Asker: 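Shown below is the structure under consideration.
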Amino acid sequence: MSKTFNNGRYEVISKLGSGGMAIVYRAKDTVLSRTVTVKVLREQFASDEDFTKRFRREAQAVASLSHPNIVSVYDVGKDDEQEYIVMEFVDGQNLKEFIKEHAPLQVEQAVDIASQICDALDHAHKHQIIHRDIKPHNILLTADGRAKVTDFGIARAVSAATVTHTGTIVGSVHYFSPEQARGELTNEQSDLYSLGIILYEMVTGTLPYDGESPISIALKHMNEQPKAPSSINPAVPKNMEQVILRAISKAPECRYANARELKQDLERVAKGLSAMPYKSVQRHDDAQATQVMRPISGEAAAIGKKKKRLTPAGWAAIAVLVVALVLGTYASVKAFLNVQEVKMPNVVNMTKDKALATLESSNLKITATNLKTQSDDKVPEGSVISQDPPADTVIKINRPDISIVVSSGPEKLAFPDLSKTDKDTALAKIRQKGFTAEPTIEYVKDNTIPVNTVISQDPGPNTQAPKNGAITLRVS
């Protein structure tokens with residue numbers, strides 16, 4: 001017999017996944033005959049009575065939200081000591097998976113996704129609900145390109161329980177704000193910071209802060225400045241870079257005041273306009289710089305212990321090493337300084353295989369991490385778009401940081417379903433989705449379908465098609 005919830009109303013179809021807080025199932029609502037998502041809380045949360053009350057209260061508050069970019073909450077309850085929440089089922093992939101497959105994204109696509117997230121945050125914030133765990137894993141993308149934010153309100157309910165049960169602060173360390181890292185109160189600017197980190201990741205394919213442990217990453221959020229996105233992906237325009245860096249400012253007062261304001265700047269970027277000017281505020285108080293997250297203070301203390309003075313034996317060991325280095329590495333240093341130099345060949349527009357062969361003939365090699373791909377409407381698939389260093393730059397052979405970007409062909413987008421749509425609306429939808437080719441219209445007599453209504457289309461509904469590819473509409 002299959003697993004059910006709420007006296008058999010929700011029949012589990014399959015397991016979708018699991019996380020630190022819940023196990024997620026795909027299920028059927030037998031009353032309304034629709035597919036739903038059921039999240040079942042893990043035992044350590046479900047056994048905490050105070051937490052379950054808070055969880056239900058927050059879930060009920062989120063259930064009042066109604067927005068196309070927010071995953072709807074349908075029901076919340078308890079079945080056989082298992083706390084569960086029933087949500088809208090979204091057939092698609094999460095943004096983290098999409099970024100892994102397609103990053104760095106074109107600016108237009110990143111702006112579209114971020115603008116939709118802004119709409120969701122604006123709606124929630126107006127209802128006094130802060131997400132607190134905005135990350136690409138919690139952004140779902142439908143086949144037609146709609147972004148839907150999930151797990152709203154759950155972070156607030158979890159925040160008190162996680163310190164007790166897991167010893168960590170709610171939120172994913174790569175995406176949470178400096179104030180979250182310090183264990184301070186969060187507000188809507190905290191959600192905007194997390195969205196800024198997502199924007200950074202979408203256009204660069206990398207995260208601004210990374211490290212070997214959560215504490216090291218948290219400290220970077222608080223104290224370090226990120227690399228400029230354009231230094232990682234030169235295709236990122238300055239106006240987009242300004243928006244991202246403002247969104248991830250250390251001080252909340254330097255960020256956007258609200259999600260609506262951030263969206264307005266994103267719309268300016270989409271039009272090629274500069275971002276709105278703002279005054280940057282730098283914070284320098286030492287107490288602020290040395291604070292760390294209370295739940296991981298043990299690890300912070302461990303870091304502090306590493307800064308103790310060396311023992312006499314330690315100093316002696318260092319002295320021996322220094323002498324050894326001075327006496328034993330002269331030949332190696334001399335050899336390094338005399339490494340043969342060559343001119344960087346021009347491999348732009350070559351096929352990938354020919355480019356690699358050309359570089360190898362000059363004793364230049366590219367590591368797997370420096371062989372990047374990027375969609376391009378003009379450069380054929382498999383050909384080189386750009387290179388670093390530029391052609392004719394004098395460099396040493398076997399230099400490890402040489403990189404090339406190879407075209408993956410025109411960007412592909414989900415083509416909209418235009419069935420039973422009038423011609424003008426269909427053309428508008430095609431443009432709205434980002435397709436650039438001029439559609440071919442074929443008029444066909446059909447007495448059963450109203451005049452100017454789409455009968456069929458190529459590409460088909462919801463198929464992945466080149467952004468600049470041919471489009472044909474058969475119209476009554």
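This one's a predicted model, so the numbers in the text were calculated from it and none came from an experiment.
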Asker: Evaluate side-chain hydrogen bond (donor to acceptor under 3.5 Å, both in side chains) for His131 paired with Asp151, printing each intermediate quantity in order.
Answerer: CA-CA 8 Å; His131 193 290; Asp151 282 357; over 6 Å; no

Asker: Identify the heavy atoms of Ile217 and Tyr209 that sit nearest to each other, and give their distance.
Answerer: CG2-O, 4.0 Å

Asker: Can you name the closest pair of heavy atoms from Pro459 and Ala470 and give their distance?
Answerer: CD-O, 3.9 Å

Asker: Scan side-chain atoms only and decide if Ser230 and Glu241 contain a donor-acceptor pair under the 3.5 Å cut-off.
Answerer: yes

Asker: Taking atom CD of Glu212 as the centre, does the number of heavy atoms from other residues, nucleotides or ligands within less than 6.0 Å exceed 12?
Answerer: no

Asker: Got a salt bridge between Glu97 and Lys100, using NZ or NE/NH1/NH2 to carboxylate O under 4.0 Å?
Answerer: no

Asker: Who passes salt bridge (Lys or Arg N to Asp or Glu O under 4.0 Å) against Asp417, sequence neighbours left out?
Answerer: none

Asker: How many angstroms lie between NE2 in His125 and CG in Asn258, if you round to the nearest 0.5 Å?
Answerer: 9.5 Å

Asker: Quick check for you: to the nearest 0.5 Å, what is the distance between Ser194 atom OG and Gln189 atom CD?
Answerer: 12.0 Å

Asker: What closest approach, in Å, do Ser362 and Ile397 show between heavy atoms, and which atom pair accounts for it?
Answerer: O-CG2, 3.9 Å

Asker: CD1 of Ile70 to CG of Leu140: how many Å apart, nearest 0.5 Å?
Answerer: 12.5 Å

Asker: Determine yes or no for a side-chain-to-main-chain donor-acceptor pair under 3.5 angstrom, with His67 supplying the side chain and Asn69 the backbone.
Answerer: yes

Asker: Can you tell me if Gln457 uses its side chain to pair, donor with acceptor, with the backbone of Pro416 under 3.5 Å?
Answerer: yes

Asker: Salt bridge check: are Arg255 and Glu179 linked by an N-O gap of less than 4.0 Å?
Answerer: yes

Asker: Under a 3.5 Å cutoff, is there a donor and acceptor pairing between the side chains of Gln180 and Ser190?
Answerer: no

Asker: Can you name the nearest heavy-atom pair linking Ile139 to Val149, along with the distance?
Answerer: CD1-CG2, 3.8 Å

Asker: Using the rule side chain to side chain contact (heavy atoms under 4.5 Å, CB included), only one of Leu418, Ile430, Thr472 pairs with Pro439; which is it?
Answerer: Ile430

Asker: I need the Lys148 NZ to Asn138 CG distance, nearest 0.5 Å.
Answerer: 14.5 Å

Asker: List the atom of His174, the atom of Ile197, and the distance in Å for their closest heavy-atom pair.
Answerer: O-CG2, 3.5 Å

Asker: Do you know which two heavy atoms are closest between Tyr193 and His221, and how far apart they sit?
Answerer: OH-ND1, 2.7 Å

Asker: Got a sec: does the NZ of Lys433 have more than 12 other heavy atoms crowding it under 6.0 Å?
Answerer: yes

Asker: Once side-chain hydrogen bond (donor to acceptor under 3.5 Å, both in side chains) is applied, what residue pairs with a partner in residues 343-353 remain, sequence neighbours excluded?
Answerer: none

Asker: Apply the test side-chain contact (heavy atoms from CB on, under 4.5 Å) to residues Asp191 and Glu188: give CA-CA distance (whole Å), side-chain angles for both, the deciding distance (0.1 Å), then the verdict.
Answerer: CA-CA 5 Å; Asp191 282 349; Glu188 56 191 77; 5.5 Å; no

Asker: Against the six-membered ring of Tyr74, is Arg34 placed for a cation-pi contact (under 6.0 Å from the centre, within 45° of the normal)?
Answerer: yes

Asker: With side-chain contact (heavy atoms from CB on, under 4.5 Å) as the test, would you mind laying out the steps for Leu371 and Ile404 before giving the verdict?
Answerer: CA-CA 6 Å; Leu371 181 58; Ile404 60 173; 3.5 Å; yes

Asker: Please determine if Arg431 and Glu438 form a salt bridge, counting it only when a charged side-chain N lies under 4.0 Å from a carboxylate O.
Answerer: yes

Asker: When rounded to the nearest 0.5 angstrom, what is the spacing between CE in Met202 and CG in Leu95?
Answerer: 6.0 Å

Asker: Using the six-membered ring wherever Trp is involved, compare the ring planes of Tyr175 and His137 and label them parallel, tilted or perpendicular (cut-offs 30° and 60°).
Answerer: perpendicular

Asker: Just list the side-chain donor-acceptor pairs under 3.5 Å for residues 260-269, sequence neighbours left out, or say none.
Answerer:
residue, atom, partner, partner atom, Å
Glu261, OE2, Arg246, NH2, 3.0
Glu261, OE2, Ala257, N, 3.2
Lys263, NZ, Asp119, OD1, 2.9
Lys263, NZ, Asp119, OD2, 3.1
Asp265, OD1, Met276, N, 2.9
Asp265, OD2, Tyr256, OH, 2.6
Asp265, OD2, Met276, N, 3.4
Arg268, NE, Ser274, O, 2.8
Arg268, NH2, Ser274, O, 3.1

Asker: Consider only side-chain N and O atoms of Ser14 and Arg26, and report whether a donor and an acceptor are under 3.5 Å apart.
Answerer: no

Asker: Verify, without hydrogens or angle tests, whether Lys250 (side chain) and Glu224 (backbone) share a donor-acceptor contact under 3.5 angstrom.
Answerer: yes

